K.L.:
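Supplied in structure tokens, the structure appears directly below.
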Amino acid sequence: MVEATNFIEQIINEEIESGKVDENKIQTRFPPEPNGYLHIGHAKSLCLNFGVKEKYNGKCNLFLDDTNPSKEKEEYEEAIKKDIEWLGFSYDKVVHASDFYEQIYSYAEKEIEMGNAFVCDMTPEEISANRGTLTEPGKESPYRNRSVEENLKLFHEMREGKFPDGSKCLRAKIDMASPNINMRDPVIYRILRETHYRTGDKWCVYPMYDFAHPICDYLQGVTHSLCTLEFEDHRPLYDWVGITLGFNPKPRQIEFARLNVTNLVMSKRYLKRLVEEGKVDGWDDPRMPTLTGLRNRGIPSEALKDFCARIGIAKANSEVQISYLEACVREYLNANAERAMAVLKPLKVTITNYPDGKSEQVDFEINPNEEIKRTRKINFSKHIYIDAEDFSLAPPPKYFRLKKDGYVRLKSAYIIHCDDVVFDKDGNVQELLCSYVEDSRSGNDTSGIKVKGTIQWVNEADGKDIEIRKYGYLLKDAEYEGQDFSERMNENSVSVFNGKVEPYVFTNDIDTPYQLMRTGYFKRLVVKGKEILSEIVSLKDNFNK
RNA sequence: AGGGGUGUCGCCAAGCGGUAAGGCACGGGAUUUUGAUUCCCGCAUUCGUAGGUUCAAAUCCUGCCACCCCUGCCA
């Protein structure tokens, strides 16, 4: 018996124990509609469904719920597959609702034969008008009592294309007085002349989600059909289909709360607007909550999965702080990212007492967390750059960095002393004239000087100019209640720096993440043909508190 | 009396009648050639609320309150 980590696994365990389900046949499915890009919310569902598969040694298909040809595209299906691959999940099969169209149609005929469904001639408006309200029952359709023969004939003619779109539909005959509106003779088949991305123009009738889904689950052998909370009201209909059609074993639908994350827009509509209005560079913009965006951002899939595991699965509506995701990303990257040095705002430093033309190599630790420390060489010479933020003319108390007449250590190299400041004609700091302490070299410092601060630097001779980008959130940190999306848009979610970076970062694969020391985690990214350094997540900063 | 759900620390979330896990965040301290990391220590006498049952209740019962979802031929 596996140890349950959430209420769904608890249910599965109980069912196995009671013999309700075969422990060797646990099966789930990841069921996106191929009508858009997957986002971080889907990652939660992916982790849940594939988590159950892996835990119970069961199966999990990628089920593309393509019952509405007007919204679905091949392009989305391919993007979905790529995202799943990125997360490292392997599905047993790729199946589509459309693979089962013929069988679903037969099941509809069966419902008609059993007197459980009828062809209704009312228009969508009429059906809506007769559905009743939340507090009042609906009215039965005048076509509700057609004979089985007539229903069958009409349903066949619907398929044959004898009726225009919307003129007729197939409805389940359940209960127009049900307090659950989904049970008031729901439409289960509609006439729709739309080219389907997989079946083309073969069909002009398409099953509705509520009818197709339980059938597809059953046909695949799904034992547990996991979906989000808004489908709770649909479960009676899901069960109705299974029971009337005599499914055995009948799949069980279980609902869980969808993921909400602060400062993130998840709605497809708004995401689309961001793309269309040019607020972002596309669906894969590093600021987007889409999986393609997160991947482009450099969020490690391991960290995303860790996040999903840590937030858990429950039924309470909740909103997770984005800082939780960031913590997971930092934790992973801290252990796995190589360190490198770059400066966002280069400030020239000349080491006046260092010999002209001399260059030496210092040892730089690749990742201080490694058990077996690895180092690489970095050139050091008379001319270097430090970050302008690491020098202050008017330092606050407890300032650890460089100040006039102060000392600071250059990471992996020497301690320097700021002797003089060169200003430009506008009075801005242009250059620092420093002297280095010759016997303070990293590794064999015999100078006896204790410095509080250590800062990163880039050697002028081999530093590369590069645009460095840091990101803010797409949504401002506001009370989401009552606030319109457009009012919450953060118009300044990109900060651009003309920085310098050591050449080492170009020697690895483009997706390699680095911790730019004291700056954050970054990776290279090609934006409009130009290579930049793009922020993955910042480093935690306790100093500003 | 529409129906279906949910309410445990700032944010997630365990708990399933025996006297409030854990993570993130936060506060304090130690170590640190990243003000990072790591390491200690602290962080709900209380579980939406009011009653009841019980030797014992976050867990059982009853009432109330709050929030979410449902009137697509969308999923």
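Naming convention: chains lettered A, B, ... in sequence-line order (proteins, then strands); numbering from 1 in each chain. Since this is a predicted model, take the numbers as computed values, not measurements.
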K.L.:
Select base, sugar-phosphate, or nothing to describe what A:R441 touches, counting heavy atoms under 4.0 Å on all strands.
P.N.:
base
K.L.:
For B:G35, take OP1 and OP2 only and decide whether either is under 4.0 Å from a side-chain N or O of A:Q456.
P.N.:
no
K.L.:
Taking only the P atom of each, what is the distance from B:A36 to B:U31 in whole angstrom?
P.N.:
14 Å
K.L.:
When you compare B:G29 with B:A14, how far apart are their C1' atoms, in angstrom units rounded to a whole number?
P.N.:
30 Å
K.L.:
For B:A58 versus B:C16, give the span between their P atoms, rounded off to a whole number of Å.
P.N.:
12 Å
K.L.:
Between A:E75 and A:Y37, do the side chains contain an N or O donor and an N or O acceptor separated by less than 3.5 Å?
P.N.:
yes
K.L.:
For B:C11, does either OP1 or OP2 sit under 4.0 Å from a side-chain N or O belonging to A:T262?
P.N.:
no
K.L.:
How would you label the contact of A:G443 with the nucleic acid (heavy atoms, under 4.0 Å): base, sugar-phosphate, or nothing?
P.N.:
base
K.L.:
Using the P atom on both, measure B:U33 against B:G27 and round to a whole Å.
P.N.:
24 Å
K.L.:
Checking side-chain hydrogen bond (donor to acceptor under 3.5 Å, both in side chains) for the pair A:Y206/A:E194: CA distance, chi angles, key distance, verdict?
P.N.:
CA-CA 10 Å; A:Y206 291 94; A:E194 190 86 50; over 6 Å; no
K.L.:
Spell out, as yes or no, whether a donor-acceptor pair under 3.5 Å connects the side chain of A:Q253 to the backbone of A:F231.
P.N.:
yes
K.L.:
When the P atoms of B:U53 and B:G15 are considered, how many whole Å apart are they?
P.N.:
29 Å
K.L.:
Under the 3.5 Å rule, do the base of B:G3 and the side chain of A:D233 count as making a donor-acceptor pair?
P.N.:
yes
K.L.:
Reckon A:N317 has a side-chain N or O less than 4.0 Å from the OP1 or OP2 of B:G7?
P.N.:
no
K.L.:
Classify A:D65 by what it touches in the nucleic acid, base, sugar-phosphate, or nothing, heavy-atom distance under 4.0 Å.
P.N.:
sugar-phosphate
K.L.:
If I pick the P atom on B:C24 and the same atom on B:G5, what distance separates them, to the nearest angstrom?
P.N.:
34 Å
K.L.:
Hey, is A:F400 doing a stacking thing with B:G35, by the 5.5 Å centroid and 30° angle criteria?
P.N.:
yes
K.L.:
Check the phosphate of B:C73 against A:R131, side-chain N and O only, distance under 4.0 Å to OP1 or OP2. Yes or no?
P.N.:
yes
K.L.:
Distance check, P atoms only: B:C12 and B:A50, in whole angstrom units.
P.N.:
23 Å
K.L.:
Can you check the distance between B:C73 and B:C65, where both ends of the measurement are the C1' atom (answer in whole Å)?
P.N.:
40 Å
K.L.:
Taking any heavy-atom pair under 4.0 Å as a contact, classify A:K71: base, sugar-phosphate, or nothing.
P.N.:
base
K.L.:
Kindly say whether the aromatic ring centers of A:Y107 and A:Y218 come within a distance under 6.0 Å.
P.N.:
no
K.L.:
In terms of ring plane angle, is the pair A:W203 and A:Y105 parallel, tilted or perpendicular, where the classes change at 30° and 60°?
P.N.:
tilted
K.L.:
The side chain of A:L134 is closest to which nucleotide in this list: B:U34, B:U71, B:A25?
P.N.:
B:U71
K.L.:
Considering only B:G15, B:U34, B:C73, which nucleotide approaches the side chain of A:Q10 most closely?
P.N.:
B:G15
K.L.:
If only side-chain N and O atoms count, and only distance matters, is there a donor-acceptor pair under 3.5 Å linking A:E111 with A:Y189?
P.N.:
no
K.L.:
Check the phosphate of B:U37 against A:K540, side-chain N and O only, distance under 4.0 Å to OP1 or OP2. Yes or no?
P.N.:
yes
